[in-house]
S.K.: 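Here it is, the structure, as structure tokens.
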Amino acid sequence: MSKLRIHKAGEPDILQTSDGKLTLSVPIQIKRCSGRKLVTLPNGKIAKDQPWGASTTPLQLALARGHRWLAMLEAGEVKSLKEIAAREGVDNSYVSRMVNLTMLAPDIVAAILDDTLPDNILLFDLAVDPPALWEEQRERVKRVLTP
């Protein structure tokens, strides 16, 4: 990302440039409240604070690995998932499962990043043979939640 622009008005938008890069446009406002800066999202809600000392969860790390490895593949740095596994010193199936996480529904990804997924949702539940359709992914998560 080369530029950061803050727009106070407008609609969220995604623009694709001729070189294949995406530009995300999300109008936000930064307000001061009791000396703190708060981000107001387009829907009027205030973004919740993230604690500075919060450590990364295993699910968050797995999601980040999957996105990094997919980016390596898309950029042509590597030719296959097998090559990534050899570089990283991990099993081929592990790389495949982490890359599967990049296809999760946006609300499930948000729950992983916000650390709001219930504790009984395991990496295995999300990464092994995930359904292609987001609605089916959500159903799988619901099934895991109900005993």
S.K.: Once you round to the nearest 0.5 Å, how far does CG of Asp107 lie from CD1 of Ile112?
M.R.: 10.0 Å

S.K.: Which heavy atom of Arg97 sits nearest to which heavy atom of Val128, and what is that distance?
M.R.: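 Smallest heavy-atom distance, with atoms named: CD-CG2, 3.4 Å.
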
S.K.: CG/Leu63 to CD1/Ile108 distance, rounded to the nearest 0.5 angstrom?
M.R.: 11.0 Å

S.K.: Where do Ala85 and Asn92 come nearest, in terms of heavy atoms and distance?
M.R.: CB-OD1, 3.1 Å

S.K.: When rounded to the nearest 0.5 angstrom, what is the spacing between CE in Met72 and CZ in Arg87?
M.R.: 4.5 Å

S.K.: Return the CG to CZ distance between Leu133 and Arg140, rounded to the nearest 0.5 Å.
M.R.: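 Answer rounded to 0.5 Å: 12.0 Å.
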
S.K.: In terms of hydrophobic clustering (I, L, V, M, F, W, Y; side-chain heavy atoms under 4.5 Å; direct or indirect links), are Leu70 and Trp134 co-clustered?
M.R.: no

S.K.: Roughly how far apart are Ile84 CD1 and Met98 CE, rounded to 0.5 Å?
M.R.: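 Rounded to the nearest 0.5 Å, the CD1-CE separation comes out at 12.5 Å.
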
S.K.: Please report the closest heavy-atom contact between Leu117 and Ile121, naming both atoms and the distance.
M.R.: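 The pair with the smallest heavy-atom distance is CD1-CG2, 4.1 Å.
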
S.K.: Would you indicate whether the side-chain heavy atoms of Tyr94 and Glu88 approach each other to under 4.5 Å?
M.R.: no

S.K.: Show the nearest heavy-atom pair for residues Trp69 and Val99, with the distance to one decimal.
M.R.: CB-CG2, 4.1 Å

S.K.: If you take all heavy atoms of Leu81 and Ser96, which pair is closest and at what distance?
M.R.: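 Looking at all heavy atoms of both residues, the closest pair is CD1-CA, 4.1 Å.
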
S.K.: Under a single-linkage definition using a 4.5 Å side-chain heavy-atom cutoff for Ile, Leu, Val, Met, Phe, Trp and Tyr, are Val90 and Leu126 assigned to the same hydrophobic cluster?
M.R.: yes

S.K.: For the backbone of Thr56 and the side chain of Gln60, can you confirm whether one donor and one acceptor N or O come within less than 3.5 Å of each other?
M.R.: no

S.K.: Is there a donor-acceptor pair under 3.5 Å between the side chain of Glu136 and the backbone N or O of Pro131?
M.R.: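 No: the side chain of Glu136 does not pair with the backbone of Pro131.
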
S.K.: Looking at every heavy atom in both Gln137 and Ala132, which two are closest together, and how far apart are they?
M.R.: NE2-O, 4.0 Å

S.K.: If you round to the nearest 0.5 Å, how far is CG of Leu61 from CG of Leu101?
M.R.: 11.5 Å

